Amino acid sequence: MEYNFRQIEQNWQAAWKKNNAYKVANNFSKPKCYVLDMFPYPSGAGLHVGHPLGYIASDIYSRFKRLKGFNVLHPMGYDAFGLPAEQYAIEHGIHPAVSTNNNIDNFRRQLDNIGFCYDWDREVRTCEPGYYKWTQWIFLQLFNSYYNRATQKAESIASLIKNFEEKGNAAHECPGDASVSFTAAEWENFSEKEQQDILMQYRLAYCGYGEVNWCEALGTVLANDEVVNGVSERGGHPVVKKKLRQWYLRITEYADRLLSGLQTIEFSEAMQEMQTNWIGKSYGAEIDFKIETPGEKLTTHHSPLTVYTTRPDTIFGVDFMVVAPEHALIEEIVSAEQKEAVEAYITYVKSRSDRERQAEKKISGCFTGAYAVNPFNERRIPIWISEYVLAGYGTGAIMGVPCGDERDHKFAKHFNITITNIIGEFYNGEDANPTKDAVLSNSGFLDGIPMRDAMNIVIDKLVEMGIGKRKVNYKMRDAAFSRQRYWGEPFPIVWKDGIAYPLDEKELPLRLPEVDSYSPGPEGEGPLANLTDWVSAPVPGKPGETGIRETNTMPGYAGSSWYFLRYMDPQNETEFCNRQISDYWNQVDLYIGGTEHAVGHLLYSRMWTKVLYDLGHIGFDEPYRKLVNQGMITGKSAFGKILWVREGAENLYETKDTGELIPVIVPLQFPQLATGLPILDRLPVELITIDSSGKYFLTKNDCTKISEKYLKFKGLRIASYEEAMNYVQPQLNLEIKREWFSDKIELDIVDEKMSKSKLNTFNPNDLVEKFGADTFRMYEMFLGPVEQSKPWDTKGIEGVHRFLKKLWRLFFEEEKGKIWNEEAPTAAELKVLHRAIKKIEDDTERFSFNTAVSAFMICVNELADLKCHKRAILEPVVVLLAPYAPHICEELWHGLGNNGFVLDAPYPVYDEKHTVESSKEYPVSINGKVRTNINIALDATQEQVQEIVLANELVQKWMEGKELKKFIFVKGKMINVVI
RNA sequence: GCCCCGGUGGUGGAAUUGGUAGACACGCAGGACUUAAAAUCCUGUUCGCCGCAACGCGAGUACGGGUUCAAUUCCCGUCUGGGGCACCA
């Protein structure tokens with residue numbers, strides 16, 4: 001009997017399906033384990049071998065936990081709203097729902113091939129009304145809530161209104177505009193519009209105007225993390241700042257809890273750091289400086305200049321101020337002489353896109369003619385404007401301390417501003433030194449005080465003088481939550497006279513209507529704005545009145561911020577998720593996905609969870625207890641030198657014809673011509689020959705295959721020496737050597753991220769077809785640690801396949817068939833088994849799947865050496881292996897005569913008694929170098945060991961009669977003789 | 001520029017707490033079986049030196065130092081690869 005993996009895998013996949021083997025019940029009596037993959041965006045390119053890496057890891061862990069008696073929730077779904085489908089719709093006129101569903105079907109076929117244990121009855125698709133009904137519902141929760149800073153949690157807007165009616169807003173500072181202040185009586189007298197405008201400034205989901213990243217080409221606004229180097233992440237279109245009405249999530253109110261929550265969950269160091277940086281909490285002070293303008297003595301009729309600084313201790317080192325060019329105070333303080341220059345500079349800054357402003361390395365700025373006054377020594381400090389200060393961060397104004405800040409130092413040097421040294425020899429006159437360890441000098445009452453101590457002294461003094469306060473700042477901004485796009489969740493909002501009216505829950509879902517065209521609506525609005533009938537809608541709570549619907553849609557991260565909850569109770573039509581059920585499944589125990597979602601998805605989803613928790617809808621406030629980031633699989637891209645020639649051309653160099661061009665490969669040694677030919681271009685790696693030395697070659701046969709599969713390379717062939725000599729050499733006078741040419745041409749290999757466009761992908765289906773799903777699964781794990789990025793190389797897969805065949809031969813022989821028996825196992829066999837149990841159980845538990853695979857190999861190698869065919873040994877091995885290679889294990893499990901699926905077999909229990917040894921072959925070092933091994937009983941005392949070792953012939957030889965200085969004996973490990 | 005993580009044979013990688021560096025696998029070389037091939041099995045494979053062989057010597061985990069009886073592991077410096085942030089005050 002041969003290991004016929006195709007038949008075996010097909011049979012058992014069908015049997016599992018027929019018996020609903022992966023159906024997960026909400027069975028509250030069993031201990032639970034929730035294992036989640038980041039659900040994919042179903043792109044048209046399908047899966048390549050890099051995608052399933054995380055899925056396989058989580059699948060193994062799920063199956064392992066199931067064997068250990070847990071009720072394991074391991075679902076899969078699709079993040080189905082998104083730009084590419086809409087882009088495709090614009091280009092091909094196909095409805096995004098249609099192309100998305102096609103892509104999903106394709107994904108599903110690929111996933112099924114690999115034998116995952118997903119409970120597909122729990123599948124979610126974010127684009128389906130049954131799902132986005134609840135995305136809209138959660139949006140309404142956010143809309144109808146505010147963050148109560150006193151209780152540090154989200155509470156209902158209704159309770160806030162009640163508070164306003166009784167006491168005004170004295171107890172609740174307005175997060176949208178801190179200057180808003182009113183009494184209960186004033187509140188009562190506000191119009192509905194005024195009241196609603198104020199409430200909007202409190203809501204967790206709110207509408208506002210703001211500078212957003214506007215991408216003309218996409219006709220949409222992009223989130224910060226969707227803009228890369230000033231261009232859109234998708235498509236690389238230019239992005240500029242534009243003021244637009246946008247929905248936002250008030251995530252900044254959660255900054256502190258998002259930060260402190262990191263301490264309660266297991267995210268990698270790198271991930272925690274990324275989120276911490278993104279939140280960007282800093283401690284410092286806001287300081288008010290009085291302003292003196294020319295001709296006026298120090299007056300109070302100007303508002304003070306308020307700066308934010310993290311280094312109040314350096315206040316005596318302030319040599320200039322810089323305010324953002326957008327700062328409101330500029331107009332008020334600018335002097336007559338400087339007015340023109342300042343206006344010119346502001347015009348200059350405005351003319352520059354955000355991208356240019358950020359990329360600028362040149363120092364620029366303009367003096368306003370006004371001075372601030374240092375409150376401690378009355379020094380007059382010139383106030384400048386410069387583009388390097390951003391209006392949106394802190395107060396939009398900084399105090400320049402050139403001796404302590406590199407950027408300020410460059411600015412001072414550039415404009416010849418005198419630099420005050422307050423840190424003595426820590427400042428060398430050449431470079432700023434941002435130290436906190438110096439003792440202050442030139443600092444008035446702070447002289448002689450270490451900087452770290454001075455910080456608090458200064459702040460206390462400022463507070464006492466009433467001109468400053470302690471201040472915590474965050475880098476993070478509120479998250480833009482609307483897109484001028486079609487393929488997303490519609491907002492359940494109707495506008496009337498500038499007031500946003502939320503739809504009643506009963507009206508959800510607000511379905512996405514059909515449109516004729518996916519192009520943007522008027523004035524930067526989304527495609528929905530074109531549907532006049534749909535846009536016009538009754539105003540909720542105002543019978544008889546008609547308003548207009550919100551035409552923005554929600555961004556991609558809306559649906560993905562809460563999907564882990566929907567899997568728990570996916571068909572519930574009356575709630576987003578039943579509370580009893582979410583109490584049971586609770587947090588995701590293991591979340592696996594790529595690092596690219598570090599700050600986007602993971603932060604938003606953590607915020608939504610906290611809001612739902614605050615409002616009492618769920619019982620936990622962190623969604624993911626443990627996060628594992630799978631590493632990227634890189635692919636080898638193969639580059640060949642290609643000449644594109646005219647069809648039927650006799651002349652290799654003749655390429656001007658715009659007709660059909662045929663690619664001809666020339667040797668790599670072929671000189672790059674002045675005309676830019678031949679062109680170095682990628683060739684599809686999967687169809688290229690790798691020879692035994694690991695070099696990549698293109699053969700005639702490869703050319704045929706590539707030519708057939710890729711339209712671009714139709715007619716591909718290899719240039720001959722004669723062709724090159726006849727047709728290239730005379731025209732271009734190149735040196736061409738015969739030895740470069742052969743019937744196979746070597747290619748250049750570069751490691752890069754795997755992607756279809758780079759032609760370096762491998763389709764998992766092809767490998768499954770050739771070696772089977774079990775081999776594929778184990779090979780992906782064997783490649784290396786899940787979290788590490790690593791190059792893909794198909795060569796090694798044979799080794800894993802051989803392992804499975806070797807395992808098979810412990811049970812069956814080709815001619816004799818079944819060879820396993822019921823004999824009692826020997827001590828040696830039990831030792832092999834139990835060592836494997838311990839190693840594999842530990843490794844699986846700590847996600848070290850690559851070492852677990854090698855432990856399986858060791859175990860099977862040893863059992864083969866022992867010629868062990870005993871059921872008592874083999875059966876536990878089959879169960880151990882089942883999470884990794886479920887199909888072959890199911891076959892062997894039944895082959896051994898078991899009924900029921902191996903999926904629910906009891907996990908083998910490690911018993912130490914089989915692995916204990918009575919003695920050990922100790923490595924014996926002399927002065928740290930291993931010289932010999934001596935077998936010594938494990939229970940021997942230090943004295944006995946020393947006696948045995950020193951008596952050893954070899955040890956004596958090395959000691960050559962020298963004195964023993966020290967005798968190191970680490971029980972069970974090693975011995976070191978120091979002489 | 002700042003922050004974080006890494007660098008181990010020809011290749012992927014192992015060494016979980018400072019205790020025999022290179023497990024396991026690929027590749028390669030040689031051999032067995034076979035008419036032959038595939039499949040399978042066996043032997044060798046960090047480098048250098050001596051060699052019939054050795055459980056023989058020396059070097060060796062990017063490089064240079066240090067701590068220790070003992071360092072891939074801890075500390076300092078340099079080089080280098082990857083990721084994150086970037087006029088963030």
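Lettering of chains follows the sequences in order, A, B, ..., and the numbering in each one begins at 1. What you are looking at is a predicted structure, and each value in this text was computed from that prediction instead of being measured.
When both pairing distances are held under 3.5 Å, B:A62 makes a Watson-Crick or G-U pair with B:U78. Under the Watson-Crick or G-U wobble criterion, with both distances below 3.5 Å, B:A86 has no partner in any strand shown. Across all strands shown, B:U17 forms no Watson-Crick or G-U wobble pair with both key distances under 3.5 Å. The nucleotide B:G27 finds its pairing partner in B:U45, both defining distances of the Watson-Crick or G-U wobble pair being shorter than 3.5 Å.
With hydrogens and angles ignored, no donor-acceptor pair closer than 3.5 Å exists between the side chain of A:Lys929 and the base of B:U20.
Taking a cutoff of 4.0 Å between a charged side-chain nitrogen and a carboxylate oxygen, A:Asp842 and A:Arg846 do not qualify as a salt bridge. Salt bridge annotation for A:Lys281-A:Asp256: present, with a cationic side-chain nitrogen under 4.0 angstrom from a carboxylate oxygen.
Ring-plane geometry between A:Tyr427 and A:His409 is classed as perpendicular, the angle between the planes exceeding 60 degrees on a 0 to 90 degree scale with a lower cut at 30. In this structure, A:Tyr910 and A:His834 have tilted ring planes: the angle between them lies in the 30° to 60° band.
Backbone-only engagement by A:Lys805 is indicated by non-hydrogen atom pairs under 4.0 Å involving sugar-phosphate atoms exclusively. Residue A:Lys475 is in base contact, counting any heavy-atom pair closer than 4.0 Å across all strands shown. Here A:Trp958 lies in heavy-atom contact (under 4.0 Å) with sugar-phosphate atoms only. Within 4.0 Å (heavy atoms only), A:Gln788 reaches sugar-phosphate atoms of the nucleic acid but no base atom. A:Lys971 comes within contact range of no nucleotide atom at all, as no heavy-atom separation falls under 4.0 Å.
Nucleotides B:A59 and B:G64 place their P atoms 14 Å apart, quoted to the nearest Å. The same atom, P, is picked in B:G51 and in B:G44; the two are 23 Å apart, to the nearest Å. One P atom belongs to B:A14, the other to B:C2, and the distance between them is 31 Å to the nearest Å. Spacing between B:C75 and B:U17 at atom P, rounded to whole Å, works out to 14 Å. Of the P atoms belonging to B:A25 and B:C41, the separation is 11 Å, rounded to the nearest Å. Here, B:G66 and B:U73 have their C1' atoms 15 Å apart, quoted to the whole Å. For the P atoms, the distance from B:A38 to B:C57 is 42 Å, rounded to whole Å. Between the C1' atoms of B:U72 and B:G9, the separation comes to 14 Å (whole Å).
Among A:Ile381, A:Val323, A:Thr395, A:Ile287, the single residue meeting the side-chain contact (heavy atoms from CB on, under 4.5 Å) criterion with A:Leu305 is A:Val323. Under the side-chain contact (heavy atoms from CB on, under 4.5 Å) rule, A:Val949 has a single partner from A:Ile926, A:Thr932, A:Leu954, A:Val955, which is A:Val955.
Checked against the 6.0 Å centroid threshold, A:Phe771 and A:Phe5 do not count as a close aromatic pair. The aromatic ring centres of A:Tyr474 and A:Trp278 sit 6.0 Å or more apart.
One interatomic measurement links the two molecules: CZ of A:Phe776 to P of B:A25, which rounds to 21 Å at whole-angstrom precision. When the P atom of B:C57 is taken as reference, atom CD1 of A:Ile926 falls 10 Å away, rounded to whole Å. If you measure from atom CG of A:Asp793 to atom P of B:G13, you get 11 Å, rounded to the nearest angstrom. Separating the CD1 atom of A:Ile797 from the P atom of B:U11 is a distance of 21 Å, rounded to the nearest angstrom.
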Protein-nucleic acid N or O pairs under 3.5 Å, nucleotides 3-6 of chain B:
| from | atom 1 | to | atom 2 | distance (Å) |
| --- | --- | --- | --- | --- |
| B:C3 | O2' | A:Glu273 | OE2 | 2.5 |
| B:C4 | O4' | A:Glu273 | OE1 | 2.9 |

Close N/O contacts between protein and nucleotides 66-69 of chain B (under 3.5 Å):
| from | atom 1 | to | atom 2 | distance (Å) |
| --- | --- | --- | --- | --- |
| B:C69 | O2' | A:Asn976 | ND2 | 3.1 |
| B:C69 | O2 | A:Asn976 | ND2 | 2.8 |

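An OP1 or OP2 oxygen of B:U20 is reached within less than 4.0 angstrom by no side-chain nitrogen or oxygen of A:Arg931. At the phosphate of B:A14, OP1 or OP2 sits under 4.0 Å from a side-chain N or O atom of A:Asn850. The side chain of A:Arg802 places no N or O atom within less than 4.0 Å of a non-bridging phosphate oxygen (OP1 or OP2) of B:C41. When the side-chain nitrogen and oxygen atoms of A:Asn861 are compared with OP1 and OP2 of B:A25, one or more of them lie within a distance under 4.0 Å.
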Show your working on side chain to side chain contact (heavy atoms under 4.5 Å, CB included) between A:Ile948 and A:Ile934 and close with a plain yes or no.
CA-CA 9 Å; A:Ile948 294 165; A:Ile934 304 177; 4.1 Å; yes

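Considering every non-hydrogen atom in both A:Ile633 and A:Glu780, the closest pair reads CD1-OE1, 4.3 Å.
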